[in-house]
Novice: 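Dropping a structure here in structure tokens format, bear with me for questions.
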Protein chains: 2
Amino acid sequence: MSIPNNPACQNCKDRFSSIFCKADHNNLEQIDAAKVCSAYKKGQVIFHEGAYPFGVFCINDGKIKLSHSGDDGREQIVRLVKAGDIMGYKALLSNERYTATATALEDSSICFIPKDLFLSILQKDASLSFEMMRILSSELRKAELKITHLAQKPVRERLAETLLFIRETYGLEEDGSTLNVRLSREEIANLVGTATESAIRLLSEFKKDGMIELDGKKIRLLDVPEIIRTANLHD
Amino acid sequence: MSIPNNPACQNCKDRFSSIFCKADHNNLEQIDAAKVCSAYKKGQVIFHEGAYPFGVFCINDGKIKLSHSGDDGREQIVRLVKAGDIMGYKALLSNERYTATATALEDSSICFIPKDLFLSILQKDASLSFEMMRILSSELRKAELKITHLAQKPVRERLAETLLFIRETYGLEEDGSTLNVRLSREEIANLVGTATESAIRLLSEFKKDGMIELDGKKIRLLDVPEIIRTANLHD
DNA sequence: GGGATACAATGACATGTATCAAGGCAAAAA
DNA sequence: TTTTTGCCTTGATACATGTCATTGTATCCC
């Protein structure tokens, strides 16, 4: 299933960028003592839509997708998660079941922090809870923007926007142009909110127009300014 | 512009349902002393997308829409606000400009709470900030569900869903079937995320099918179970 | 290696929805 | 009243996009 290995939070390479960077030192020690870190293989599910949350997950290393599954079974990816991010907090805070499924996009190392501890520290540590609010606000802002674009922009623009979003989230490889994640065409489509075939067709167009280069699941962004123009980003 | 009238928070009819129901009594007194309550006419803008926030707004009475304006000028309604709700907190917490415009759907009475006071109380009052997180989580959950539905459901289903959403938010009139708000066809379309003409056409269909009754801007829900079925709600 | 399986790509087609245009109706203004 | 204005409504049309079907192409496993 998953191999535990417990790196100390105090040495976590993301301790300065994650939500816990603002946390009190004592609290960080408590978290470190209680957390359990596990390894997940690519494709493995960390938690399932509909299940009850027992804590939050903090990504030590790897990449995760969070997705809803619609009535017809098609999935909609609602968030991409990277090292240093936490996930599963929404269900925990609103005391409801998970509304999304978390799946590893590559082999990942993920820490689990028990519910009670996380909530009690949130009660005590004002700067941590403030940081939590900042994260929630920012996610909400992104979600509302996505709603507007889904309602108003054609697929072509949304695909271009999605490529830029992936770059922002996961960055580029050493060559400075290849997106640093491998997604299937279907996953890209589920991120854009369109049919797989449409995503494929438009990616081919983008390639023909010299905006991108395709090599299997590798995507190189050749002409970012043109992609930005295609995305029609004035917002 | 707007006529100030300052009802005491301690007697506010929504003090038990709003976010402040969990707030400490001392803090509530502070808020009461600092807040400014104003009256807004229907159609009046409370704050504008792109402006900097100086505080949060708490609805004393009335109904408000929060909307993004897309690139082409078309608006997308992202939230409906009612008495007891607060708005403008997202921009405040993430320390950014407003991403939406707030417009009164009817004559409303709205209190303004200055930024510094709100933030400082949020720092001190753990249960208030916890309540704030609950609200944010819940809004985020709704937004993500909307994203999935926009991406996957046809307009017909989304319109049915929107009618149910309006009922949930603003409730019904005394007759037990008329939606307790007057929205233009354009506003309904901007809530659904479709063209005005499409919304009109589908409303006519719903009427023909006996699900609803239309009388100007009044909408009566005649057959709620059938509307639920049309909305295809299994989620 | 060679079959099997999953994924990618492309074409043909159907259709939901947006867009454009024109007319109707009702409330407000002159 | 008549005019004006703002919405609502309906029809005709075009187009983007989803769906279905087929072939090609890697990748995995026995």
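First the proteins, then the strands, lettered A, B, ... as listed; each starts at 1. Predicted model only: the values in this text are computed from it and were never measured.
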Novice: Would you mind reading off the distance between B:E186 atom CD and D:dT9 atom P, rounded to a whole angstrom?
Specialist: 13 Å
Novice: Check whether A:Y170 forms a cation-pi arrangement with A:K82 (NZ or CZ under 6.0 Å from the six-membered ring centre, at most 45° off the ring normal).
Specialist: no
Novice: Should A:S204 be listed as having a side-chain N or O under 4.0 Å from OP1 or OP2 of C:dT10?
Specialist: yes
Novice: Once each nucleotide of nucleotides 11-21 of chain D is scored for protein heavy atoms under 4.0 Å, what B/S/- sequence comes out, 5' to 3'?
Specialist: BB----SSBB-
Novice: Does one side chain, of A:D61 or A:S109, offer a donor that lies under 3.5 Å from an acceptor on the other?
Specialist: no
Novice: Distance check needed: C:dT17 P versus B:E205 CD, whole Å only.
Specialist: 10 Å
Novice: Say whether B:Q76 and A:T148, considering side chains only, have a donor N or O and an acceptor N or O under 3.5 Å apart.
Specialist: no
Novice: Rounded to whole angstroms, how far apart are CG on B:L150 and C1' on C:dG16?
Specialist: 15 Å
Novice: From CZ of A:R185 over to P of C:dT10, roughly how many Å is that when rounded to an integer?
Specialist: 10 Å
Novice: Under a plain distance cut-off of 3.5 Å, with no hydrogens placed, do B:T99 and B:K90 share a side-chain donor-acceptor pair?
Specialist: yes
Novice: Figure out the CD1/P separation between A:I200 and D:dA26, and round it to whole Å.
Specialist: 14 Å
Novice: Can you tell me the distance, in whole Å, between the CG atom of B:L214 and the C1' atom of D:dC7?
Specialist: 14 Å
Novice: Give the rounded distance in Å between these two atoms: CD1 of B:I188 and P of D:dC8.
Specialist: 8 Å
Novice: Please tell me whether A:T196 and A:R185 have a donor and an acceptor in their side chains that are separated by less than 3.5 angstrom.
Specialist: no
Novice: Compare side-chain N and O positions of B:K217 against OP1 and OP2 of D:dC7 and report whether any pair is under 4.0 Å apart.
Specialist: no
Novice: For B:H68 and B:E49, does a side-chain donor sit closer than 3.5 Å to a side-chain acceptor?
Specialist: no
Novice: Roughly how many Å is it from CZ in A:R182 to C1' in C:dC7, rounded to a whole number?
Specialist: 16 Å
